[in-house]
Amino acid sequence: MSVKLGDLMKLPSLKEAKVVSGKSGLSKLVSSISVLEYTEVALLDDDLFDNNEFYGSEIVVSAFVNICNDVEAQCRTIERLHKVGEVALILYYVGIFIPKLDKKFVDYANELDFTIIVMPENEMSLRYSEVIYEVVEAIVKQEMTDTNFVSESLEQISNVRPAQRNMDTTLKILSDRTHVSLVLTDNSFQVINSITWPRTRQWDFAQIIETSKQLNENELTKWTVDERTIYTVRKPIFQDGMQAMHLFMMKEKDTLTSDIAMQISEVVQVFMNLWGKNYVEISTAELMKAILNDESLKMRRLGKILNVDVSSIKWMWLVKTEEIRDNEQVLAELKSFVASHFSVSLIDLFEKNIVVLLDNSVAQRDRTHTAQTFAEMMKQLGIKLKITVCQGMEQTSDVQRAYSLVNENKKAANTIYGRKLIYSLQEIEFAAKCVAIVGQGELSIAEHLLPLKPIAENEELIETLSVFLLEGESNYNQAAELLFLHKNTIKYRIQRINELLQYPVTKIPESYNLYIAVAVRRLLSETNNNN
């Protein structure tokens, strides 16, 4: 089994370290160690934690260099580390980068029961590599001594948050422990879940399954692909006493022993017995992945199993919460809300977004209004979020294109339409166009900002025009509400702008050029603020 954190504290490299919080965590198992110095919390949410991944039984090493003077950011970081199942944080260079540990930080770690280990303070000669080497060595020695990992793996799975306790997480835990790639299929040998070791490894699952299914279950097979030796075995997985699935195991180079294969299948079987009642939700997540990855065959098969008419899906909402901790509540609220408005829906977390796929149950003119209603409902609950409404999803390739477009340009859209809760796909496309304009250089920027020249020195008029066109949608009442001003004040300012420009700001095509100008200006302002 993995080594306990308390045992690791006896290592020479950690003997002088102090446990300042979460002392009960010393009894927890540790299976790995990693370094985290990318501690800009907002970016951490987007790039590391906001992907429904599980990092359980891991120690993190850091010096909090980027947030050494920001106690709030330090607290938010350990909150997220705790949420994804990390065991402890080993903090280096206190007194050098972090002047001293703030009491608020330590108290919050104790509140979370999260273990913070502080290396000797004011000591610049410390090296991450010393702790990393000894911890990894201790873990490897323990795994070599005790080869039975069933109980440990089940303990890890049971400690996972309910939202993450699924077959994907189970296979990841097993793959990390055994260095084996795993594929779970249904009885017709269609892939349901898969995980590779290492994660970047590419397998031709179709070829492996086709070859292995011809052999007897439990029969270890050795074969060569592209001059690489691969060992495979297939095990049956039962549900309610009936064989429901096949578990394929693949190990490269080293032999896949019958003992390891037996233990892996035992853990998967126990998972199905204890938590298999939620397996429909797991398959729903797989269906979502199949649609967004444009995997047509898998999509149709899972759609049939789950009785979801994939062909009726015509709309997509991409929901982004301001706080990752709100995702679970928003998911639950969405499922209830959408069920009362649409006949066919599919809702799940995918990468960095909550994805909602919908049919045409609601009249087209009400689709954005329905999203606005939900966003306002969440706002009343104290949850801030933004929704991108994508229409015209005639086939899965449209869904995939829209998903990629939103992910690539959502930051630009947030800058251009900062006060909006709901974006359209056309607004995302417009944001992409503005990014391209800025990327073309100073000449392009100057050309597109030219329409603003008559009012360039008046910040009040430019801000009013920006809100009126971009978020107010040329509506006086809407702009007044967003700027917390009286409607007549907005009218007066727009009239003054009309006089200075010598044409109405709502006149086409002039208004379109103004629309681009104020959007590009906002992008430039955001860029300048970040520099």
Side-chain angles (χ1 to χ4, degrees), residues 281 284-285 287-288 291-292 303 306-324 326-396 398-407 409-410 413-414 416-431 467 470-475 477-479 481-482:
E281 295 178 16
T284 300
L287 176 56
M288 179 73 77
I291 292 172
L292 291 173
L306 297 171
N307 197 29
V308 174
D309 182 7
V310 176
S311 65
S312 69
I313 292 172
K314 304 298 180 186
W315 290 76
M316 175 170 65
W317 294 356
L318 294 179
V319 182
K320 181 68 175 177
T321 58
E322 189 170 287
E323 294 287 341
I324 188 175
D326 294 329
N327 276 352
E328 289 180 31
Q329 183 178 351
V330 171
L331 266 173
E333 296 285 354
L334 262 171
K335 288 176 181 178
S336 174
F337 178 84
V338 166
S340 63
H341 291 79
F342 299 88
S343 300
V344 175
S345 63
L346 192 61
I347 306 170
D348 222 307
L349 278 170
F350 184 79
E351 295 178 345
K352 303 174 184 180
N353 303 284
I354 298 174
V355 182
V356 185
L357 301 177
L358 304 164
D359 65 0
N360 273 329
S361 303
V362 175
Q364 184 169 339
R365 65 180 181 278
D366 295 326
R367 209 66 46 81
T368 300
H369 175 72
T370 306
Q372 182 78 39
T373 300
F374 179 77
E376 294 291 350
M377 188 174 82
M378 291 298 96
K379 192 175 180 180
Q380 293 298 316
L381 296 176
I383 296 175
K384 296 179 181 179
L385 53 78
K386 296 196 174 186
I387 303 175
T388 303
V389 178
C390 306
Q391 75 282 12
M393 305 291 104
E394 296 300 327
Q395 49 194 3
T396 54
D398 294 330
V399 174
Q400 189 181 37
R401 186 192 72 84
Y403 181 82
S404 298
L405 186 70
V406 173
N407 273 338
N409 298 284
K410 64 183 177 183
N414 285 341
I416 294 170
Y417 303 106
R419 293 176 173 85
K420 275 195 168 189
L421 298 180
I422 310 298
Y423 302 150
S424 68
L425 186 58
Q426 286 75 16
E427 286 169 332
I428 297 292
E429 290 172 339
F430 174 75
V467 173
L470 296 172
E471 293 113 335
E473 299 175 351
S474 300
N475 182 290
N477 290 328
Q478 205 165 310
E481 189 175 319
L482 290 167

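None of the values given here were measured: they were computed from a predicted structure.
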Under 30°, 30 to 60°, or over 60°: which ring-plane class applies to F342 and W317, parallel, tilted or perpendicular? perpendicular
To the nearest 0.5 Å, what is the distance between CD1 (I347) and CE (M288)? 7.5 Å
Would you check if the side chain of D398 reaches a backbone N or O of Q395 as a donor-acceptor pair within less than 3.5 Å? yes
Return the NZ to OG distance between K335 and S345, rounded to the nearest 0.5 Å. 9.5 Å
Could you tell me if Q380 and E376 have a donor-acceptor pair between their side chains, going purely by distance under 3.5 Å? no
Would you find a donor on one side and an acceptor on the other, under 3.5 Å apart, between the side chain of K386 and the backbone of G418? yes
Which atom of G472 lies closest to which atom of L482, heavy atoms considered: N-CD1, 4.0 Å
Can you check side-chain contact (heavy atoms from CB on, under 4.5 Å) on L292 and M316, steps first, answer last? CA-CA 11 Å; L292 291 173; M316 175 170 65; 4.3 Å; yes
Which distance, rounded to the nearest 0.5 Å, do you find between the CG of L349 and the CG of L331? 4.5 Å
Angle class for the F350/Y403 ring planes (parallel below 30°, perpendicular above 60°, tilted otherwise)? perpendicular
Drop me the distance from I428's CD1 to N407's CG, to the nearest 0.5 angstrom. 9.5 Å
Under a 4.0 Å N-O cut-off, is there an ion pair linking R419 with E481? no
